[in-house]
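A short worksheet on the structure shown next.
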Amino acid sequence: MIVSIVDLSRHVGQTVTLQGWLYHRRDSGKLVFLVVRDGTGLCQCVVARGPDTDSFFEDCRRLGQESSLRVTGVVRADPKQVGGHELTVTHVEIVQNAENYPITPKPHGIDFLFRHRHLHFRSRRQWHILRVRHTLVDEIRGYFNRNGYTLIDTPIFAPSAGEGSQTLFSVDYFGEPVFLAQTGQLYVEAACMAFGKVYCFGPTFRAEKSKTRRHLTEFWMVEPEIAYADLDAVIAVAEDFICSIVQRVLSDHRADLEFLGRDVAALERIRAPFYRITHRQAAEILRGPKARELLERDLAQKSARIAEVQKLIAEKETQAKAGGVKEWQKEKLAADAADLREELADLEVEVQNIPHHMQLAANFDPNGDLGGSDETIISRLHDRPVFVTHYPKGCKAFYMKLNAEDRTRVNNVDLLAPDGYGEIIGGSQREEDLTTLRDRIHEDGLNEADYEWYLDLRRYGTVPHGGFGLGVERTLAWLCGLKHIRETIPYPRMMGKIYP
RNA sequence: UCCCCGAUAGCUCAAUGGUAGAGCGGCCGGCUGUUAACCGGUAGGUUGUAGGUUCGAGUCCUACUCGGGGAGCCA
């Protein structure tokens, strides 16, 4: 009977067949240990030399990493083994003996791994992350589908820049220059006047020349849009939506998160209500003593850690040079030292940036946008996500509704994820008044003719409405506690990176 | 666009300006319970590219290419 590794607990004592790939192999004279993966999990399969296994024993001993094979054997529960089960092998069918698989169990560089991305996500860590991504995407769709939203797919070819300022990819469209969409928002606004509550979900493209751990040139975004909604209603949906995502990932992926080293308890603390502050309050925090104290404390802690790490590296090196140390111990010590050196390099960059960040925060312009470091400060001063509302209109898009009490501000909201993961949601109430919207288009120097269809929405049955966009990859990076966004998508597209 | 760092065997890294090395991976052999197994043997190189300094360059200098990290900008 062909069984998936994930289902082995239901087949203890039975003879089953696994179909998969060889993750790792060790042999010990009369035994071969085949660690097999089948896409649902890992299972160690033990082949003992004997009359019954003679026909394939030698072949198993020489089997290369990632060889494809069918393994038949008796399932045994063994809590010590990965996955909790082990197979005592009675038969092996080698589908292909793979030779010289490039990704070995030893450390590799980032460049090498991502040049082999088509193989890289067979590795455990990447496999765990992409499983969580699957559930995140499923819950995004599920949440909106359960709550009466209609999916509206928006175009990827866009005739003009949706929001004006950003750098977009230009494409030749039968001789006419068009752009790859950076948002489906304007289109989804039109759809919400037809369906009430809608969302679009797809890839978006930004041509910004940003080479950082938070940027991709192609990333996925979900954008709900709700008719008869003001800013408070938009915030309420965003909060409920995030809670729902967190709960779903916690319930389905605790083991994956633990494998990834995520602090699961911190995720469990993500509950409504989130913090809610205005941009003006954020400015006060940044310019005030709390921000300075946070960064000063940070500087002290990181400096202390640098000294500690330097000491640890020196100790490892001394131990490695001492007499009587086995080769594998030396290797382990060298690997530890390499990890420590990497941490040291990161710390040094952070420490180097802190004075700059302190200056940026202290001199924060109350009429300016929050920078990346400002967002980090705000989020780190709170233990749950923070909604920041009412930004100056100058730093936001033309379609955001001007605030009734303060016409220099807009009814917008950004959600800052904890721990410096940055802005994962950006949204607003939209300007529904035809005249005001037209003025804003002109103020931003945009061509009114490009937006005639959009202005129609304000001519024919305009209503208060709003929505937001959530970046899937940044959200996943936060959920999994990842350092770099490139791990959150199967095929990352970054500046200067398009292979494979 | 700017700043910092890097490029040596398939991979990860060593090598005072003076004969290019190790570990892993590969291949061959050994070992009955391994967990990045271990032990012995073996093959593997135009030191990113182009110039320059020098008796001599992996090492020093210049430019370029590619990569990493950061700043700005952003989801």
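Within every chain, numbering begins at 1; the chains are lettered A, B, ... in the order of the sequence lines, protein sequences first and strands thereafter. Every heavy atom of this structure was used, including side-chain atoms; hydrogens, water molecules and symmetry mates were not.
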Determine yes or no for a side-chain-to-main-chain donor-acceptor pair under 3.5 angstrom, with Thr389(A) supplying the side chain and Val413(A) the backbone. no
Would you say the rings of Phe144(A) and Phe241(A) are close, in the sense that their centroids are separated by under 6.0 Å? yes
Quick one: Leu34(A) CG to rU34(B) P, roughly how many Å, whole number? 16 Å
Between atom CG of Leu18(A) and atom CG of Leu69(A), what is the distance when rounded to the nearest 0.5 Å? 8.5 Å
Which is true for Leu470(A) with a 4.0 Å heavy-atom rule: it touches a base, it touches only sugar-phosphate, or it touches nothing? nothing
When the P atoms of rU19(B) and rC28(B) are compared, how many Å lie between them, rounded to an integer? 35 Å
Verdict with reasoning, Arg287(A) to Asp365(A), per salt bridge (charged side-chain N to carboxylate O under 4.0 Å, His left out): CA-CA 9 Å; Arg287(A) 296 164 63 96; Asp365(A) 174 6; over 6 Å; no
Separation of rC74(B) C1' from Asp414(A) CG (nearest whole Å): 11 Å
Closest-nucleotide 5' rank along RNA chain B - winner of Asp111(A) and Leu415(A): Asp111(A)
Looking only at side-chain atoms of Phe112(A), point me to the closest of rG69(B), rA71(B), rU12(B). rU12(B)
Separation of rG67(B) atom P from Arg117(A) atom CZ, nearest Å, is 17 Å
Under 4.0 Å from OP1 or OP2 of rA71(B): is there any side-chain N or O of His357(A) that close? yes
Pick base, sugar-phosphate or nothing for Gly109(A), based on heavy-atom distances below 4.0 Å to the nucleic acid. sugar-phosphate
Ring center gap for Phe121(A) and Trp127(A) short of 6.0 angstrom: no
When the C1' atoms of rG67(B) and rA57(B) are considered, how many whole Å apart are they? 24 Å
Is the distance from the ring center of Tyr499(A) to that of His116(A) below 6.0 Å? no
Taking the side chain as C-beta and beyond, is there a heavy-atom pair between Ser9(A) and His85(A) under 4.5 Å? yes
Nucleic acid contacts - residues 363-377 of chain A versus RNA chain B, non-hydrogen atoms under 4.0 Å: Asp369(A), Gly372(A)
Thr72(A) backbone acceptor or donor facing Thr90(A) side chain under 3.5 Å: yes
Nearest-angstrom distance, P atom, rU16(B) to rA63(B): 25 Å
Run the salt bridge (charged side-chain N to carboxylate O under 4.0 Å, His left out) check on Arg133(A) and Glu473(A) step by step: do they pass? CA-CA 8 Å; Arg133(A) 181 186 170 101; Glu473(A) 287 76 17; 2.9 Å; yes
Rounded to whole angstroms, how far apart are CD on Gln65(A) and P on rG10(B)? 18 Å
Any side-chain N or O of Lys483(A) less than 4.0 Å from the OP1 or OP2 oxygen of rG70(B)? no
Taking atom P of rC66(B) as reference, at what distance in whole Å does atom CD1 of Ile498(A) sit? 15 Å
Among the nucleotides rC11(B), rA75(B), rG70(B), which one has an atom lying closest to any side-chain atom of Arg213(A)? rG70(B)
C1' atom, rU42(B) versus rA22(B): distance in rounded Å? 16 Å
Using whole Å, what does the distance between atom P of nucleotide rU1(B) and atom NE2 of His215(A) come to? 16 Å
Output a table of nitrogen or oxygen pairs between the protein and nucleotides 27-33 of chain B separated by less than 3.5 Å.
{"from": "rG29(B)", "atom 1": "OP2", "to": "Arg62(A)", "atom 2": "NH2", "distance (Å)": "2.5"}
{"from": "rC31(B)", "atom 1": "N3", "to": "Gly29(A)", "atom 2": "N", "distance (Å)": "3.2"}
{"from": "rC31(B)", "atom 1": "N4", "to": "Asp27(A)", "atom 2": "OD2", "distance (Å)": "2.9"}
{"from": "rC31(B)", "atom 1": "N4", "to": "Gly29(A)", "atom 2": "N", "distance (Å)": "3.4"}
{"from": "rG33(B)", "atom 1": "N1", "to": "Glu86(A)", "atom 2": "OE1", "distance (Å)": "3.1"}
{"from": "rG33(B)", "atom 1": "N2", "to": "Glu86(A)", "atom 2": "OE1", "distance (Å)": "3.2"}
{"from": "rG33(B)", "atom 1": "N2", "to": "Glu86(A)", "atom 2": "OE2", "distance (Å)": "2.5"}

Tell me the interatomic distance from Met221(A), atom CE, to rC74(B), atom C1', rounded to whole angstroms. 11 Å
Ignoring hydrogens and geometry, is there a side-chain-to-backbone donor-acceptor pair from Ser428(A) to Met400(A) under 3.5 Å? no
d(CD, Glu66(A); C1', rG25(B)) in whole Å: 14 Å
For rG69(B) and His484(A) - does any side-chain N or O of the residue sit under 4.0 Å from the phosphate oxygens OP1/OP2? yes
Between Glu487(A) and Arg125(A), does the salt bridge (charged side-chain N to carboxylate O under 4.0 Å, His left out) criterion hold? Intermediate values first, please. CA-CA 9 Å; Glu487(A) 291 183 301; Arg125(A) 180 182 165 80; 3.0 Å; yes
Which one, rC11(B), rA71(B), rA75(B), comes nearest to the side chain of Arg474(A)? rA75(B)
Student check: side-chain heavy atoms of Arg122(A) and Arg37(A) closer than 4.5 Å: yes
Between rG41(B) and rC24(B), how far is it from one P atom to the other, in whole Å? 12 Å
Step-by-step ring-ring contact (aromatic ring centres under 6.0 Å, His included) determination, His120(A) to Phe112(A): CA-CA 10 Å; His120(A) 181 35; Phe112(A) 177 82; 9.3 Å; no
Span that lies between the P atom of rG21(B) and that of rU53(B), in whole angstrom: 29 Å
Base-paired stretches in RNA chain B with three or more consecutive Watson-Crick or G-U pairs, both distances under 3.5 Å, amount to B:1-7 with B:65-71, B:10-13 with B:21-24, B:26-30 with B:38-42, B:48-52 with B:60-64
Expressed as a whole number of Å, how far does the P atom of rU8(B) sit from that of rA71(B)? 27 Å
In sequence, state the C-alpha distance, the side-chain angles, and the governing distance for Arg430(A) and Glu225(A), and then conclude on salt bridge (charged side-chain N to carboxylate O under 4.0 Å, His left out). CA-CA 10 Å; Arg430(A) 322 302 188 191; Glu225(A) 190 74 24; 2.8 Å; yes
So Thr475(A), base contact, sugar-phosphate only, or nothing? Heavy-atom distance under 4.0 Å. nothing
Using the C1' atom as the reference point in each nucleotide, state the distance between rG25(B) and rA43(B) in Å, no decimals. 13 Å
